Structure formats: C-alpha cells, structure tokens
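Comments concern the structure below.
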There are 2 protein chains.
Amino acid sequence: MGKERVTVIDIARAAGVSKSTVSLVLQASPLVNEVTRAKVNAVIRELGYVYNRGAANLRQSNAKSKIVGIVVNDLTNSFFAELAVGVDMVVQSAGYVQFLANTAENPDRQREVIASMREHGIAGLILSPARGTEAADLKPLMASGIPVVNVVRQIAGAKVSSLISDNRAGIRDAVRHLAGLGHHRIAFLGGFPDTAVFAERLEGYREALADMDLAARNELVIGSAPSRAGGVAAIERALALSERPTAAVCFNDAVAFGVCDGLRAHRLDPGEDFAVIGFDDVIEAQTAVPALTTVSVDPQGMGRRAAQLLLKQINAGRADAEAIVGSVRLVVRQSCGAASDKRERLALL
Amino acid sequence: MGKERVTVIDIARAAGVSKSTVSLVLQASPLVNEVTRAKVNAVIRELGYVYNRGAANLRQSNAKSKIVGIVVNDLTNSFFAELAVGVDMVVQSAGYVQFLANTAENPDRQREVIASMREHGIAGLILSPARGTEAADLKPLMASGIPVVNVVRQIAGAKVSSLISDNRAGIRDAVRHLAGLGHHRIAFLGGFPDTAVFAERLEGYREALADMDLAARNELVIGSAPSRAGGVAAIERALALSERPTAAVCFNDAVAFGVCDGLRAHRLDPGEDFAVIGFDDVIEAQTAVPALTTVSVDPQGMGRRAAQLLLKQINAGRADAEAIVGSVRLVVRQSCGAASDKRERLALL
DNA sequence: TGACAGATTTGGAACGTTCCAATTAACTAA
DNA sequence: TTAGTTAATTGGAACGTTCCAAATCTGTCA
C-alpha cells in the first residue's frame with residue numbers, strides 16, 4: 001500500500017507543472033488556465049493526494065487554522081450533547097472541524113485539554129466551564145488573542161464573550177405559572193448551591209414568590225447533584241417535610257425526571273398529584289410521560305448561536321467581549337397539571 | 001497583547017542557547033544539562049511560549065500525529081454520547097486529542113468529515129458508520145494505512161477492525177428470560193429493519209423463540225425509528241393487534257423508554273401489566289421508574305475498548321483487522337416484572 | 001602534554017505548503 | 001517591428017519544528 005506521502009511536488013512532476021501552479025489549483029485561484037487546472041486535478045485524483053493542512057497552516061501562520069475547540073463539563077448530560085451537535089452543525093458548514101473534549105467537571109483536566117488545543121492551534125474556543133474555573137485559567141488564552149465564547153456558565157471577572165440563558169426570568173415565569181394554578185407551597189429542587197447558575201435561578205424563584213405574595217421558606221429549597229439521581233434524592237427530602245410542597249420547579253430537566261421517578265416510587269402521579277417543571281427542554285421532555293413542562297432553552301440552538309458568535313469573532317480579528325443572554329420561554333405540557341391538555345388526552349383514550 | 005508567535009528561536013535567544021537545545025528540553029531529553037534545562041524552562045514560562053504541534057508534525061512526518069478522529073451517527077442519542085466519553089477518557093490520558101464529528105446518519109456529511117480529518121492528519125479513526133455506508137467509502141483511508149476501528153455497526157466487506165456487541169446472544173437471553181417468566185406472546189419492537197444490527201437481533205429473537213417452542217409470528221415484529229418516539233409508535237401498533245403481546249424486547253433502551261411511555265398512555269403499568277426489556281443499558285436505565293431490565297452493553301466501556309484497540313493499532317504500525325464481539329449480559333431490573341425485586345420495593349413503602 | 005572519552009551543545013537541512021517577485025507567452029496597438 | 005499589456009506560470013524563501021552529524025567542552029589517563 002502507498003506508504004509515502006504524496007506531496008504537491010509529486011503532483012507537479014506528474015502533471016508537468018510547477019508546485020506553485022499546483023498550489024494555485026488547490027486554492028481554486030482564477031489565475032490558472034482551465035486546461036492546466038483540469039490536468040492537475042486529474043493527477044491529484046489519480047495519485048490519491050491528500051492536502052496537508054498542517055503544512056499550510058505553518059506557512060500562513062498569520063492566518064488562522066480551521067479548527068475550533070469545544071470543551072464541555074459533562075457530555076453524558078444530553079443538554080451538552082445537544083449543544084455540541086448544534087456547534088458541530090455550524091462549524092462544519094463553515095468548513096471548520098471541531099475538537100471536542102469532556103472535562104467531567106475537573107478543572108485540572110480542563111486546563112490540560114485547553115493547553116492541548118492551543119498547541120494544535122485552534123482558531124477559537126467554546127467553553128462550558130467546569131465547576132471551579134477561575135478567570136485566571138483563561139488568561140493565557142485571551143492573551144494570545146484566541147476568541148473564547150463561554151456558554152451556560154459565566155466566569156466571574158473573565159473578559160470573554162458569553163452566551164447564557166435567562167435563568168432568572170425562566171424560573172420566575174415557571175413559579176408564577178404554578179402559583180397561577182393555585183399552588184402555595186412550591187419547592188425549588190436540585191442543582192449545586194455554590195454555582196452562579198443556581199444563584200440566578202434561585203433569585204428568579206424568590207422574586208416570583210414575592211410577586212405572588214407567597215412566603216419564601218428555606219426548607220423548600222433543596223440542592224442536589226444536577227442529575228436524575230439528584231432529583232430522586234431531592235424529592236425524597238421534600239416529601240419528608242412535615243408540610244409537603246405540592247409543586248416544584250427543578251434546576252434542570254434531568255432533575256425533573258428524577259423528581260417524577262421519586263414521586264412514582266411514592267405512588268404519586270406527577271402532573272396529577274404533584275406539579276413538576278423542569279429547565280432546558282431537552283429532547284426527551286416532550287415524549288416523556290407525562291410530557292414535561294419546562295423552560296425551553298433549545299440546547300442545539302444555543303450551540304448554533306455560540307458557534308456563530310465565535311466564527312464572527314474569529315473573522316473579525318479580535319472582537320470585544322459580548323454578553324448575550326438568551327431568551328427563554330415556558331413550554332407548558334402535562335407535568336405541571338395545567339389541566340386542559342391532560343383532560344383532552346384522557347378523553348381520547 | 002502579544003500578537004506575534006513566540007517560537008523556539010525566541011526562547012533560544014532569550015536563554016542564550018541554541019534552538020536545538022530548546023528542542024531537546026521540550027522533548028525532555030536526558031542529554032541536556034540540569035541547569036540549562038531549568039533556565040530554558042524558566043524562559044519558556046516567562047515568555048508564554050506555546051508549542052506548535054503542527055510544525056513538529058510536519059518535520060517528523062514519518063511519526064504519527066496525536067489526534068484521533070471519532071465519527072458517530074447520532075450524538076443526540078445518549079448511547080453515542082457515552083461512547084464518545086469513553087473514547088475521550090483513554091485517548092486523553094494517552095496524550096491524544098479527539099476530533100469529534102456527528103454525521104446525523106448522512107453518508108455525504110460522513111465523507112466530508114472523514115476527508116477533513118484526513119487533511120488534519122489524524123492518527124486513527126473510530127467510526128460508528130452512518131446508515132448506508134459502503135466499504136468503498138473507507139477504501140482511501142485504509143489505503144493510506146490509517147487504522148480504523150468500527151463500532152456498533154459493521155460494514156459488509158470492509159477489512160477494518162470492528163467492535164460490536166453480541167446482538168444475537170443479547171436478545172436471545174432477553175427473550176428466554178421473558179419466556180421463563182411465563183410469557184407466550186413476546187414482541188420485538190423498534191429499529192430500522194434494513195440494518196445489520198436489526199437483522200442480528202431479530203435472529204436472536206427467532207432463535208430463542210424456537211428454543212422455547214414458541215411460535216414466531218410476524219405481526220409481533222414491529223420496526224420503527226430507534227428512538228423514544230419510535231418506541232411509542234411501535235407499542236401503539238402492538239396494542240392494536242387483535243391478540244396483544246404481553247411482553248416485548250426492544251431494539252434499544254430509547255425504544256424501551258418510549259414503549260413504557262406508550263403503555264402508560266394506555267393506563268398499563270410497565271413491569272406490572274406488560275414486561276419490557278431494552279438493549280444498551282444507558283445510564284438512565286437504572287434510575288428510571290420502573291428501572292429498566294436491559295441487555296447491558298456499557299457504552300463508555302465500549303468506547304474505552306475501541307480507543308484502546310485503536311491506540312494499539314496506531315502504535316503497532318499497521319495492525320490487521322480484528323473483529324471483537326463484546327460480551328453482553330442481561331441486567332434484570334423492574335421493567336420485566338421479575339417480581340421479587342419489585343415486591344421488596346413495594347413492601348418498603 | 002597529548003589523546004581519548006563522555007557529556008553537552010550546535011548549525012544546517014528537511015518536512016509540505018503558501019506567497020512574492022520575477023519570468024515567460026501570447027496578444028494588441030502604434 | 002517594437003513596446004506595452006494581460007494572462008499564466010514559476011523558482012525561491014519562509015513558516016516552526018526535529019534530526020543528524022559535527023563541534024565544543026570537560027576531565028582522565030598514560
């Protein structure tokens with residue numbers, strides 16, 4: 001099998017032109033004659049030439065590479081998987097290729113992968129930071145002028161662009177909706193209390209309670225890992241309270257699903273005996289039973305927007321930090337017991 | 001901000017040594033004197049030097065790069081997300097970095113991303129092929145001596161290593177288990193009938209039925225998209241049969257979850273009124289309610305094994321195609337109604 | 001002292017591409 | 001014919017690294 005690399009010089013020799021001409025053909029330059037171009041292209045196909053982007057990059061070190069990095073903190077969470085898919089869509093169609101790494105919430109690993117990506121010369125980075133990431137971690141990246149777009153989580157003090165969803169408004173709307181349905185004891189379940197996102201959502205929760213003249217009671221705020229298992233644990237604690245809540249807004253959809261699981265284990269019917277609202281609107285939210293009422297964030301869309309923002313910055317040379325807060329909207333389905341929908345559904349059976 | 005690239009020559013000048021020495025330091029060569037090494041390292045830190053792997057790769061074009069590609073057909077399916085996480089774990093700790101691309105089952109896109117990865121000089125590729133991938137698509141890759149490991153799906157006629165799970169045995173065991181519980185009408189639900197994986201699983205289904213002296217009835221085999229929504233559709237059709245099945249083995253866990261959803265919509269309690277078994281053992285399988293009985297494949301583990309196999313081949317120069325079929329094991333939980341477990345659980349409440 | 005060995009260090013050349021300036025070819029206008 | 005113009009092509013040099021062979025330095029031994 002062909003072991004030696006076929007280079008542009010081999011092509012040139014075989015086609016009877018100079019390497020410069022071959023290079024021009026590769027760049028689809030209008031300078032080269034049609035017949036020459038055809039001949040060169042034929043030889044390229046024939047010899048099975050593959051372009052060496054590394055060498056090209058080296059020469060045009062002023063220009064940027066066609067690689068973007070994406071680093072997420074938990075790829076097993078489908079929210080981030082969707083996010084990555086969204087990013088992939090737009091970078092791929094812009095002719096870029098994506099380095100993806102998963103940090104599993106480990107800041108050390110995050111440092112490593114970012115360093116590795118730098119060595120490979122990424123043109124930009126989309127980052128969903130691991131818990132405990134500090135502004136200092138991004139300093140060297142910023143200094144070398146590589147655009148960074150932060151998603152989902154913000155890093156205090158870092159001068160990078162960010163794209164986060166409107167956490168406060170999302171939870172606020174959810175709580176108002178529940179209050180509107182007549183609930184007085186509404187819990188806030190799940191999430192790590194030491195994160196900025198948690199703080200923002202909790203703020204929305206408190207704000208809505210105040211708006212609706214409901215008492216904010218601390219025992220109704222129950223943190224947990226932001227996962228399905230965490231949701232089970234949280235609802236367990238909530239149901240053990242002397243005065244049980246009748247509804248809950250959850251930190252995210254994974255927690256909400258866990259809460260539904262936990263309710264069933266107690267012979268409670270989510271949506272019927274207890275209202276549940278999630279956050280994120282992951283794909284499963286609409287097909288689950290009961291379909292999950294949730295704050296829609298559209299992770300794929302977010303990925304696409306992040307990628308677009310990043311590409312814009314890459315093309316613009318150096319762009320100044322831009323903070324976009326993505327609007328968010330409550331999608332009412334069955335899990336909050338917003339009756340009409342459910343009754344219709346039952347009537348159908 | 002520092003715009004110009006800091007090169008090994010800059011380091012050399014600042015440290016008062018030659019670029020060759022700096023290079024040796026970078027490679028942690030034992031040839032260089034301790035005090036020189038320290039000085040050089042200090043300067044490297046001070047000037048914020050970042051290694052240019054592209055240039056290095058170019059020079060040692062005999063050696064391979066430190067990039068592996070991973071191409072999956074559906075990253076939104078958590079099975080593949082987990083797989084990618086598994087791959088990432090081992091390649092990261094081997095000092096590699098992973099290019100990840102999602103083809104969304106589109107063979108054209110798959111061709112593009114593979115071409116792009118080649119241009120970037122990947123050392124190897126892990127591929128979960130899009131539906132309709134042909135052996136010819138991999139020909140050029142193979143010809144250039146880049147190791148490829150196929151996962152999940154096999155490609156007829158391609159001489160590449162593959163790592164697939166024992167589809168036949170998995171479903172066979174599942175069906176036997178159901179038959180052992182006294183079920184006579186067992187359905188096979190979900191999956192695209194034109195895929196090799198489907199064929200293998202169906203074979204296991206038929207084999208088990210024959211073993212247990214049960215009739216194989218065609219109307220009990222119902223294909224669908226291998227997704228949660230597909231599962232809902234499939235169980236819908238199954239319940240419309242004049243003679244309903246009482247149990248189902250599903251193409252994968254996503255389908256199984258959909259089947260549970262569909263059952264609930266009909267006021268049937270999965271695990272109680274109808275037995276359901278999945279395939280894959282995705283993370284949610286154990287925390288779902290009812291916990292899903294499923295054929296365990298451990299996607300992360302599979303990713304790790306695939307990555308190890310690939311790295312082995314990369315290091316070995318060129319390895320010959322190896323076909324590993326991963327063993328598989330039935331994990332009995334609640335959704336198949338294998339009583340004991342469930343009764344205990346109820347007693348606890 | 002001179003020769004030799006081992007430990008360090010070093011100047012090119014090379015990797016595969018792009019870019020620049022310069023060359024050649026083919027016409028056109030005067 | 002000749003100069004001028006446009007179109008097409010081309011030979012280096014350069015990008016940032018590694019590798020090789022050769023050079024330098026130190027110390028030791030006869």
Side-chain angles (χ1 to χ4, degrees), chain A residues 2-41 43-44 47-67 116 118-123 144, chain B residues 2-41 43-44 47-67 118-121 123 144:
Chain A
K3 284 261 75 176
E4 269 76 40
R5 227 183 200 308
V6 179
T7 83
V8 39
I9 300 199
D10 300 321
I11 303 295
R13 232 192 309 271
V17 298
S18 79
K19 58 182 170 38
S20 305
T21 305
V22 177
S23 175
L24 291 177
V25 170
L26 289 175
Q27 302 169 69
S29 159
L31 289 177
V32 18
N33 184 302
E34 262 323 309
V35 7
T36 323
R37 180 197 310 284
K39 184 169 53 185
V40 170
N41 276 326
V43 176
I44 283 179
L47 298 194
Y49 167 75
V50 344
Y51 184 71
N52 185 337
R53 248 173 232 284
N57 266 8
L58 181 54
R59 180 55 173 88
Q60 14 174 226
S61 56
N62 50 326
K64 27 262 171 181
S65 78
K66 285 292 201 175
I67 307 177
S116 167
R118 277 188 83 192
E119 293 186 356
H120 281 102
I122 54 173
S144 58
Chain B
K3 284 261 78 175
E4 269 77 40
R5 229 185 197 306
V6 179
T7 84
V8 54
I9 300 198
D10 300 321
I11 303 295
R13 230 191 313 268
V17 297
S18 78
K19 59 182 170 39
S20 306
T21 305
V22 177
S23 175
L24 290 176
V25 170
L26 289 174
Q27 304 168 68
S29 158
L31 290 178
V32 15
N33 185 301
E34 262 323 310
V35 7
T36 323
R37 179 196 311 285
K39 185 170 52 185
V40 170
N41 276 326
V43 176
I44 283 180
L47 298 194
Y49 167 75
V50 345
Y51 185 70
N52 184 337
R53 250 174 230 284
N57 266 9
L58 181 53
R59 180 54 172 89
Q60 14 173 223
S61 56
N62 50 326
K64 26 262 169 183
S65 78
K66 285 292 202 174
I67 306 177
R118 277 188 84 192
E119 294 186 355
H120 284 284
S144 57

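In what follows, chains are A, B, ... by sequence order, proteins preceding strands, each numbered from 1. Small disclaimer: the values here were computed from a predicted structure and weren't measured.
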For B/R37 and B/L24, indicate whether the former's side chain and the latter's backbone hold a donor-acceptor pair under 3.5 Å. no
For DNA chain C, find the residues of residues 24-37 of chain A with a heavy-atom distance under 4.0 Å and give them by number; none if there aren't any. A/Q27
Nearest heavy atoms of A/K19 and A/V8, plus distance in Å: O-CG2, 3.7 Å
Working to the nearest 0.5 Å, report the span between OH of A/Y51 and OG of A/S23. 7.0 Å
Please report the C-alpha distance between B/I67 and B/R53 in whole Å, then the side-chain angles of each, then the deciding distance to 0.1 Å, and finally whether the side-chain contact (heavy atoms from CB on, under 4.5 Å) criterion is met. CA-CA 11 Å; B/I67 306 177; B/R53 250 174 230 284; over 6 Å; no
Chain A footprint on DNA chain D, 5' to 3' - any atom under 4.0 Å from a heavy atom: D/dA8 to D/dG16
Measuring only between side-chain heavy atoms, which start at C-beta, is A/N52 closer than 4.5 Å to B/L58? yes
Output, in order, the C-alpha distance, side-chain angles, deciding distance and verdict of side-chain contact (heavy atoms from CB on, under 4.5 Å) for B/T36 and B/V25. CA-CA 9 Å; B/T36 323; B/V25 170; 5.8 Å; no
I want to check one thing: is the phosphate of C/dT10, taken as OP1 and OP2, less than 4.0 Å away from some side-chain N or O of B/S20? no
Atom CD1 of A/I9 and atom OG of A/S18: how far apart are they, to the nearest 0.5 Å? 10.0 Å
Which atom of B/Y49 lies closest to which atom of B/V6, heavy atoms considered: CD1-O, 3.3 Å
Would the distance check show the side chain of B/D10 and the main-chain N or O of B/T7 forming a donor-acceptor pair, the cut-off being under 3.5 Å? yes
Between the first and last five pairs of the helix from C/dT1-D/dA30 to C/dA30-D/dT1, the angle of the axes, rounded to 10 degrees: 70°
On DNA chain C, check which nucleotide each of B/G16 and B/A55 is closest to and give me the residue with the more 5' one. B/G16
Mind checking B/T7 for me? I need base, sugar-phosphate or nothing, with any heavy atom below 4.0 Å counting as a touch. sugar-phosphate
Euclidean distance, B/H120 NE2 relative to A/N57 CG, rounded to 0.5 Å: 7.5 Å
